[in-house]
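Everything quoted here is computed from the prediction, not taken from an experiment. Hydrogens, waters and symmetry mates play no part in the numbers below; they use all other heavy atoms, side chains included. So that the names make sense, note that chain A is the first sequence line, chain B the second, and so on, each numbered from 1.
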Protein chains: 2
Amino acid sequence: MEYTVVVRMNGKLFLRDPESSELGRRIVRQGIQLMAEIGFEEMTFRKLAERINTKEASIYRYFENKHRLLVYLVAWYWQWLEYQVLFQTNNLTDSREKLERILKLLLLKDLSALNVSTEADDMDIPALHSIVIQEASKAYLTHHVTEDNREQLFKPYKDLCSRIAGIILEYRPGYPYARSRASSLIETAHYQAFFMQHLPSLTDFDPESQNPVGDKDPLLTFLRHLLFSSLDTARF
Amino acid sequence: MEYTVVVRMNGKLFLRDPESSELGRRIVRQGIQLMAEIGFEEMTFRKLAERINTKEASIYRYFENKHRLLVYLVAWYWQWLEYQVLFQTNNLTDSREKLERILKLLLLKDLSALNVSTEADDMDIPALHSIVIQEASKAYLTHHVTEDNREQLFKPYKDLCSRIAGIILEYRPGYPYARSRASSLIETAHYQAFFMQHLPSLTDFDPESQNPVGDKDPLLTFLRHLLFSSLDTARF
DNA sequence: GCAAGAATGATAGTTTTACTATCAGTTAAG
DNA sequence: CTTAACTGATAGTAAAACTATCATTCTTGC
């Protein structure tokens, strides 16, 4: 039996719900492809409109502007990921194992082994993941964060962090930095993935050949090390 | 006796060396102020030109575009910071103490106690620091990272990471993730500072009232905890 | 002190992006 | 089958992101 992940988005994220029409769905699906291909700054609504054989003005009926589209896409990804975390950790008793699952989800690793479809709702999850790596921080690194935050645009990200923080506390009751630990885990996973790909000298991971310890996913090993060394450390 | 930090910049970072003329210096100094005030995306060369009573075209003689100005500013900051790290750690024998100094420098804390002038070369270091927190990742999170990297635009950042990685290895010989540890330390310091200020629920630090453990700089405490727990952990 | 060269100012222009308005035609829902 | 909602098509504005040109000023070497 197949369940579709119903990702219901906050109404502030769009002008008209893109999931409510064929055109809206194309804007989102093709928006993901285009942004993954040419990057956020190079993308324009005009180019996207051409790609899906519609007009700029039609896209503006769904999203106020390009930045809001980005915010929508990353919010969607965070909601999807939170759902996966929920699903993957729900019936586990070992909280260490829960954290292990989270690490893999963050890197989009072993999804098939975890029975995660990478085509939820027809969304191209790997493409979205690469957008999140390259562009997600531009969603909040703006001069208008505060207003955007007031409109709850970052709620999915906060919810994901909260959920991870909860599991951290389950693993290590009383840990005083659960939320910062969760947010820095997520951010580090993404920055390091970006560096590994584009500025490898900032990392110890060679995307090509073999690596320091000769394991097949050194970034995962690194994140695991960082996370558990901080959680397993002595008193506070 | 006063030493001026001579920050000699890579020629690829500009069209004409802004330090070679009064106008160039004003572009950089006032560029820092303006970008810190209104943010990278809101800033335009026209606004900057008006502010310093010159013309858009004159600024274009120094910098190819706004993005290059940003890259220049953050490169300057990394070079300044690397110099500070060098200077602050040079005559220390205890490598733990070196790392402690680095943590404080990253957060721009206790500079007066460390005898660091915040007006090196008339540059407004705190303003630059806030630009680095909000905007620095936009310098490399682009579709043209690879070309920019080929032109050595990120060398100052890499050099800083290398230096910190070196000190990490001094503290913990054989640590297999020195470079990733260094880059993630820097990044974590900055986005946690950003979150603390703008999205505090992603952190455990309340910029206003008291905090989890009641210390006066919980972010510093958190970074110290993260860094040393990973370095002091068992075998690899 | 003056001539040549470099830097700047002033003006004006182009192209692209970002966005808005309007209205006719098409589709879908009651 | 009618009315409201949606889309397409056209057109437009404002601002951003540049580029070009030339006169003027400011140096600097001779």
Side-chain angles (χ1 to χ4, degrees), chain A residues 9 11-31 34-35 37-73 135 138-139 142-144 147-148 151 153, chain B residues 9 11-31 34-35 37-73 135 138-139 142-144 147-148:
Chain A
M9 306 291 290
K12 296 291 184 71
L13 286 162
F14 46 75
L15 291 174
R16 180 172 303 178
D17 184 356
E19 291 303 318
S20 72
S21 76
E22 180 50 32
L23 179 62
R25 271 186 295 273
R26 262 159 53 222
I27 291 170
V28 169
R29 275 52 174 185
Q30 292 298 311
L34 185 59
M35 202 181 291
E37 277 170 31
I38 67 179
F40 176 71
E41 9 281 317
E42 303 304 318
M43 197 193 105
T44 68
F45 276 1
R46 185 174 300 261
K47 289 179 191 166
L48 178 55
E50 275 161 20
R51 192 185 179 111
I52 60 184
N53 293 309
T54 185
K55 300 287 165 177
E56 229 180 331
S58 301
I59 301 180
Y60 276 105
R61 285 174 184 129
Y62 287 86
F63 294 102
E64 239 175 286
N65 52 51
K66 187 170 64 154
H67 185 257
R68 286 295 176 114
L69 173 58
L70 172 64
V71 171
Y72 179 91
L73 295 181
E135 323 287 4
K138 297 169 192 167
T142 66
H143 202 245
H144 47 87
E147 297 90 83
D148 289 353
E151 293 190 52
L153 304 190
Chain B
M9 306 291 291
K12 296 289 184 71
L13 286 162
F14 46 75
L15 292 173
R16 182 171 301 174
D17 185 357
E19 290 303 318
S20 72
S21 76
E22 179 51 31
L23 180 63
R25 270 188 296 274
R26 263 159 53 221
I27 291 170
V28 169
R29 273 56 176 183
Q30 292 299 309
L34 186 58
M35 201 182 289
E37 276 170 33
I38 68 177
F40 177 70
E41 9 280 319
E42 302 305 316
M43 199 193 103
T44 68
F45 276 2
R46 186 174 297 261
K47 288 179 191 165
L48 178 55
E50 274 161 20
R51 191 184 179 111
I52 60 183
N53 292 309
T54 185
K55 300 286 164 178
E56 228 181 332
S58 301
I59 301 180
Y60 277 105
R61 286 175 182 127
Y62 287 87
F63 295 102
E64 238 175 289
N65 53 50
K66 191 169 65 153
H67 186 257
R68 286 297 175 114
L69 173 58
L70 172 64
V71 171
Y72 179 92
L73 295 182
E135 323 287 3
K138 296 169 193 168
T142 67
H143 202 244
H144 47 86
E147 298 91 83
D148 289 352

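A salt bridge links Arg68(A) with Asp148(A): at least one charged nitrogen is closer than 4.0 Å to a carboxylate oxygen.
His67(A) places no side-chain N or O within donor-acceptor distance of the main-chain N or O of Thr142(A), the cut-off being under 3.5 Å. No side-chain donor-acceptor contact under 3.5 Å links His143(B) to the backbone of Phe40(A). At distances below 3.5 Å, at least one donor-acceptor pair connects side-chain atoms of Lys47(A) with backbone N or O atoms of Glu42(A).
Distance CG (Asp17(A)) to C1' (dC6(D)): 14 Å, rounded to an integer number of Å. The CG-P distance, from Leu48(A) to dG8(D), rounds to 13 Å in whole Å. Spacing between atom NE2 of His67(B) and atom P of dT17(C) amounts to 17 Å, rounded to whole angstrom units. Distance, Asn65(A) CG to dA16(D) C1': 15 Å, rounded to whole Å. Rounded to whole Å, atom C1' of dC19(C) lies 11 Å from atom CD of Glu64(A). We find that CZ of Phe45(B) is positioned 17 Å from C1' of dT17(C), with the value rounded to whole Å. The distance from atom CD of Glu42(A) to atom P of dA17(D) is 12 Å, rounded to the nearest whole Å. The distance between atom CZ of Arg25(B) and atom P of dA7(C), rounded to the nearest whole Å, is 14 Å.
Residue Ser21(B) places at least one side-chain N or O under 4.0 Å from the OP1 or OP2 atom of dT8(C). An OP1 or OP2 oxygen of dA16(D) is reached within less than 4.0 angstrom by no side-chain nitrogen or oxygen of Lys66(B). The side chain of Tyr62(A) places an N or O atom within less than 4.0 Å of a non-bridging phosphate oxygen (OP1 or OP2) of dT7(D). Distances shown here put every side-chain N or O of Arg16(A) at or beyond 4.0 Å from the OP1 or OP2 atom of dA5(D).
Contacts of residues 50-61 of chain B with DNA chain C (heavy atom under 4.0 Å): Thr54(B), Lys55(B), Ser58(B), Arg61(B).
Under the rule for a salt bridge (charged side-chain N to carboxylate O under 4.0 Å, His left out), Arg16(B) has no partner lying at least two apart in sequence or in another chain. Residues satisfying the salt bridge (charged side-chain N to carboxylate O under 4.0 Å, His left out) test with Lys138(B), not counting sequence neighbours, are Glu41(B), Glu135(B).
Considering only heavy atoms from C-beta on, Leu69(B) comes within 4.5 Å of Phe45(B) through its side chain.
If you check every strand for non-hydrogen atoms under 4.0 Å, Phe63(B) touches nothing.
Of the candidates dC18(D), dA16(D), dT7(D), the closest approach to any side-chain atom of Thr44(B) belongs to dA16(D).
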